Enquirer: 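Before anything else, here's the structure in question.
Order of the sequence lines sets the chain letters (A, B, ...), proteins ahead of strands, with each chain counted from 1. If you're wondering where the values come from, they're calculated on a predicted model, not measured in any experiment.
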Amino acid sequence: MHTIAINGLTGLKYLPQCFDKTAQEDLLADVREVVAAAPLFQPVMPNTGKPFSVRMSNCGPLGWVSDINSYRYQPNHPETGLMWPAIPARLLELWKAVAPDAPEPEACLINFYEPTARMGLHQDRDEAMFEAPVVSVSLGDTATFRVGGTNRKDPTKSFRLSSGDVVVLGGDARLAYHGIDRILSGTSKLLKNGGRINLTLRRVTAP
DNA sequence: GAGTGCCT
DNA sequence: TCGC
């Protein structure tokens with residue numbers, strides 16, 4: 001586990017190849033099961049209705065959604081109305097390993113990136129408590145990840161996240177701006193049709 | 001009031 | 001929460 005040195009942050013952790021090939025395949029099977037029950041949907045931006053380039057789903061008691069009205073967490077899928085499936089056990093184990101002092105995660109956002117998908121620089125700040133970290137797992141094609149500081153104008157650095165890598169935004173880095181500049185298509189064979197899956201675990205409410 | 005989009 |  002490395003601390004990523006940027007803007008003096010000490011809580012930005014990078015765990016390269018936290019999941020080996022077999023574990024990545026197991027995780028992928030978990031994700032497929034979740035998405036079978038809670039299909040990927042195309043979120044849109046509040047107010048403008050502009051679509052995101054990623055498609056999303058969730059598992060856990062709460063899921064992050066965005067529609068014409070707002071960004072928010074809710075217990076059910078926006079299209080099927082069903083509750084989100086449970087967070088797979090191996091993701092809960094990851095959380096216990098990297099965030100032993102934090103309460104259980106309530107949300108696992110699944111972002112699916114086509115090769116052309118992007119995610120602009122943003123903060124994860126729709127949660128009601130920031131004491132718990134945000135834990136992110138990459139699967140599939142390598143992505144160029146950009147991370148800055150707590151202020152939008154802070155300098156940023158970019159580095160690559162490949163399949164099986166884990167990033168933790170905790171402590172002073174919990175509200176660090178971050179985003180995905182681009183997907184490096186064809187860099188992984190994990191997903192038959194290419195693309196990248198990002199799993200983001202979060203605690204949403206105070207325990 | 002828009003917003004993790006914006007432009008290559 | 002804030003470049004718009």
Enquirer: Taking atom C1' in both dG1(B) and dG5(B), compute the distance separating them and give it to the nearest angstrom.
Expert: 15 Å

Enquirer: dG3(B), OP1 or OP2 - any side-chain N/O from S66(A) closer than 4.0 Å?
Expert: no

Enquirer: Does one side chain, of T156(A) or R146(A), offer a donor that lies under 3.5 Å from an acceptor on the other?
Expert: yes

Enquirer: Quick one: Y177(A) OH to dG5(B) P, roughly how many Å, whole number?
Expert: 13 Å

Enquirer: Are the side chains of T200(A) and V134(A) in touch, meaning some heavy atoms are under 4.5 Å apart?
Expert: yes

Enquirer: If I take atom CG in residue D124(A) and atom C1' in nucleotide dG3(B), what distance separates them, rounded to the nearest angstrom?
Expert: 14 Å

Enquirer: Rounded to the Å, how far apart are R125(A) CZ and dT4(B) P?
Expert: 8 Å

Enquirer: Which whole-number value in Å describes the distance from D154(A) CG to dG3(C) P?
Expert: 11 Å

Enquirer: Is the W64(A) ring parallel, tilted or perpendicular to the Y71(A) ring (thresholds 30°, 60°)?
Expert: tilted

Enquirer: Just compare dT4(B), dC2(C), dG3(B) and give me whichever is closest to any side-chain atom of M119(A).
Expert: dT4(B)

Enquirer: L191(A) and R196(A): which non-hydrogen atoms are nearest, and at how many Å?
Expert: CD1-N, 4.1 Å

Enquirer: Roughly how many Å is it from CD in E127(A) to C1' in dT4(B), rounded to a whole number?
Expert: 12 Å

Enquirer: How about R90(A): does its CZ atom have over 12 heavy atoms from other parts shown lying under 6.0 Å from it?
Expert: yes

Enquirer: May I ask you to say what D126(A) touches in the nucleic acid, namely base, sugar-phosphate or nothing, with a heavy-atom cut-off under 4.0 Å?
Expert: base

Enquirer: How long is the line joining CG of N69(A) and C1' of dG3(B), in whole Å?
Expert: 13 Å

Enquirer: For the residue pair N111(A) and M56(A), establish whether any side-chain heavy-atom pair is separated by less than 4.5 Å.
Expert: yes

Enquirer: I need the OH-C1' distance between Y113(A) and dG5(B), as an integer number of Å.
Expert: 13 Å

Enquirer: Compute whether any side-chain donor of one residue and acceptor of the other, for N198(A) and S136(A), lie under 3.5 angstrom apart.
Expert: yes

Enquirer: Indicate, yes or no, whether a donor-acceptor pair under 3.5 Å links the base of dG1(B) to the side chain of N47(A).
Expert: no

Enquirer: Taking atom C1' of dG5(B) as reference, at what distance in whole Å does atom CD of Q42(A) sit?
Expert: 13 Å

Enquirer: Considering every strand shown, what is the Watson-Crick or G-U wobble mate of dG5(B) when both distances are under 3.5 Å?
Expert: dC4(C)

Enquirer: Which of the following nucleotides, dT1(C), dT4(B), dA2(B), is nearest to the side chain of Q123(A)?
Expert: dT1(C)

Enquirer: Might you list the N or O atoms of the protein lying below 3.5 Å from N or O atoms in nucleotides 6-8 of chain B, with each pair's distance?
Expert:
none

